[in-house]
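If you're wondering where the values come from, they're calculated on a predicted model, not measured in any experiment. First listed ligand is number 1; within each ligand, the first listed atom is number 1.
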Amino acid sequence: MQLIQEMEQRLAGWLEAIAGSATFAALEKIKVETIGKSGILTTTFKELSNLSIDDRKLFGEKLNKIKNTIGAAISNQVKLIENLTITEKLKTETLDVTLPVVNDSFGSLHLITQSVRRIRDHYHSRGFMVLDGPEIESDFFNFDALNIPKHHPARQSHDTFYIDGFDETLLRTHTSCVQIRTMMKMGLPIRMISIGKTYRNDPLDATHSPMFHQIEGLVVDKGGITIGHLKSELRKFVAAFFEVQDVAIRLRPSYFPFTEPGMEVDCRYTKENGRLKITKDGDSWLELGGAGMVHPNVFRASGIDGPAQGFAFGFGLERLIMLRHGITDIRTIFDTDVRNIRHYA
Ligand code: DAH
């Protein structure tokens, strides 16, 4: 069969072209032309059906051999290019950790740590306790006690990681659980914040991460705490975090099962040279987090039976950091690239 002979003759040329390819694109092109769906080998295979059984076997074997040779050569070359790319990267991006320190730079705090400390300082100065809660939580603290019973639809919006083999045990989906733990332990009055890791089963992309941080606030007493106090506290926090004199805060009605009423917290901003700027006179509103007056059921679940009143709020830390530093991809915060770490030092 003439076609097969022709293939055998062209094989050397293809192999040479493969070995000479420096990019994945060049390899892909050869692959498409030869063993791809409409490649010359694939079409020749189809013509074998016109031959006698013996010829089909003979030529089929030959053709298969050519096809396998090409396939193997392409895989080899892919590995070679991959290795070259890594070697090239290593050459231009070497970091010799064994070299002596030549300047007085001894490392720096991570952006998350810096921000947590700044927020802690702000709230300490306002007379808040700064408390922690466990990241491995029970269903009760994460949901039930926050007025989110078993079949409540709000459970679906928290894509929860449950812990295998442990009944009703999960990675907390928010820091609101610390509200309950604190009220149970200390009773009223309380003025506290909590900052920590939270988890949701979201795929990692530019705006989502399965692990992120939240800031939770709780101010409760037997009475006399109003939305006015909440708004003033939020204004002071946002101004401090973004290091501006004053900000304009808007509370928009919203729904959280553990608040009544619940609200979304917005602040005014404007765009300056393409960068976002939080300012009291901004022309647009930016959503920052959630807040509300603590729901009576939450007080009840926390063992507080007498009169009680107060507010709570919750913010995503990474979102605040991204806004403050003009970061557009959340992964920048968590990668280990020293250039990023130095840049935000
Ligand atoms: N826990 C909420 C969330 O993760 C955020 C939140 C909203 C916290 C309102 C609060 C609140 O304390 O009052 O989406």
J.: Could you check atom 12 (O) of ligand 1 against the protein and tell me its nearest heavy-atom contact, residue, atom and distance included?
T.: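 Checking every protein heavy atom, the shortest distance to atom 12 (O) of ligand 1 gives E216 OE2, 2.6 Å.
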J.: Please determine, by modelled atom types, if D159 and N201 share a side-chain donor-acceptor pair under 3.5 angstrom.
T.: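 Distance-only check fails for D159 and N201.
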J.: Of the backbone atoms (N, CA, C, O) and the side-chain heavy atoms from C-beta on, which set of A291 has a member under 4.0 Å from an atom of ligand 1: side chain, backbone, both, or neither?
T.: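 Backbone only; the side chain of A291 stays clear of ligand 1.
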J.: Can you list the atoms of ligand 1 that are under 4.0 Å from a heavy atom of T259?
T.: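 So the answer, numbered in order with elements, is 13 (O).
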J.: Taking both backbone and side-chain atoms of A312, is any N or O found less than 3.5 Å from an N or O belonging to ligand 1?
T.: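 N/O-N/O distance under 3.5 Å: yes.
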J.: Would you mind checking which non-hydrogen protein atom is closest to atom 5 (C) of ligand 1, with the distance to 0.1 Å?
T.: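 Closest protein heavy atom to atom 5 (C) of ligand 1: G314 CA, 4.2 Å.
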J.: Which atoms of ligand 1 have any heavy atom of Q179 under 4.0 Å away?
T.: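 Listed by number with element: 12 (O).
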J.: Would Q214 count as a contact of ligand 1 if the rule is a heavy atom under 4.0 Å away?
T.: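 It does, in that a heavy atom of Q214 comes within the 4.0 Å cut-off of ligand 1.
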J.: Find all atoms of ligand 1 within a distance of less than 4.0 Å from any non-hydrogen atom belonging to G292, and give their numbers and elements.
T.: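 Going through ligand 1 atom by atom, the ones under 4.0 Å from G292 are 13 (O).
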J.: If only atom types and distance count, is the side chain of S209 paired as donor or acceptor with the main-chain N or O of F212 below 3.5 Å?
T.: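 No; judged by distance alone, with no hydrogens or angles, the pair does not exist.
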J.: Suppose we measure from atom 2 (C) of ligand 1 to each protein heavy atom; which comes out shortest, and what is that distance?
T.: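 Of every protein heavy atom, F258 CZ, 3.8 Å lies nearest to atom 2 (C) of ligand 1.
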J.: Hey, are N142 and T173 close enough side-chain-wise for a donor-acceptor pair under 3.5 Å?
T.: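 Per modelled atom types, T173 and N142 side chains form a pair under 3.5 Å.
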J.: Keeping the roles fixed (side chain from Q114, backbone from Y344), state whether a donor-acceptor pair exists under 3.5 Å.
T.: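 Flag set: sc Q114 to bb Y344 pair under 3.5 Å.
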J.: Could D205 and R331 be called an ion pair, given the rule that one side-chain N must be under 4.0 Å from one carboxylate O?
T.: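 No.
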J.: Distance to 0.1 Å, residue and atom name: give those for the protein heavy atom nearest to atom 14 (O) of ligand 1.
T.: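 The protein heavy atom lying closest is R200 NH2, 4.0 Å.
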J.: Should E137 and R181 be marked as a salt bridge (Lys or Arg N to Asp or Glu O under 4.0 Å) after you check the CA-CA gap, both sets of side-chain angles, and the distance that decides it?
T.: CA-CA 11 Å; E137 257 301 3; R181 289 185 172 274; 2.7 Å; yes
J.: Centres of the F313 and F237 rings: under 6.0 Å?
T.: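 They do not qualify: ring centres at least 6.0 Å apart.
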J.: For F256, take its heavy atoms, then give the atoms of ligand 1 lying under 4.0 Å from any of them.
T.: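 Here the atoms of ligand 1 in question are 7 (C), 9 (C).
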J.: Could you check H174, R319, K197 and say which one makes a side chain to side chain contact (heavy atoms under 4.5 Å, CB included) with Q214?
T.: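 Among H174, R319, K197, the one that satisfies the side chain to side chain contact (heavy atoms under 4.5 Å, CB included) with Q214 is H174.
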J.: For ligand 1, find out whether one of its N or O atoms is nearer than 3.5 Å to an N or O atom of S176.
T.: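 Yes, there is a polar N/O contact under 3.5 Å.
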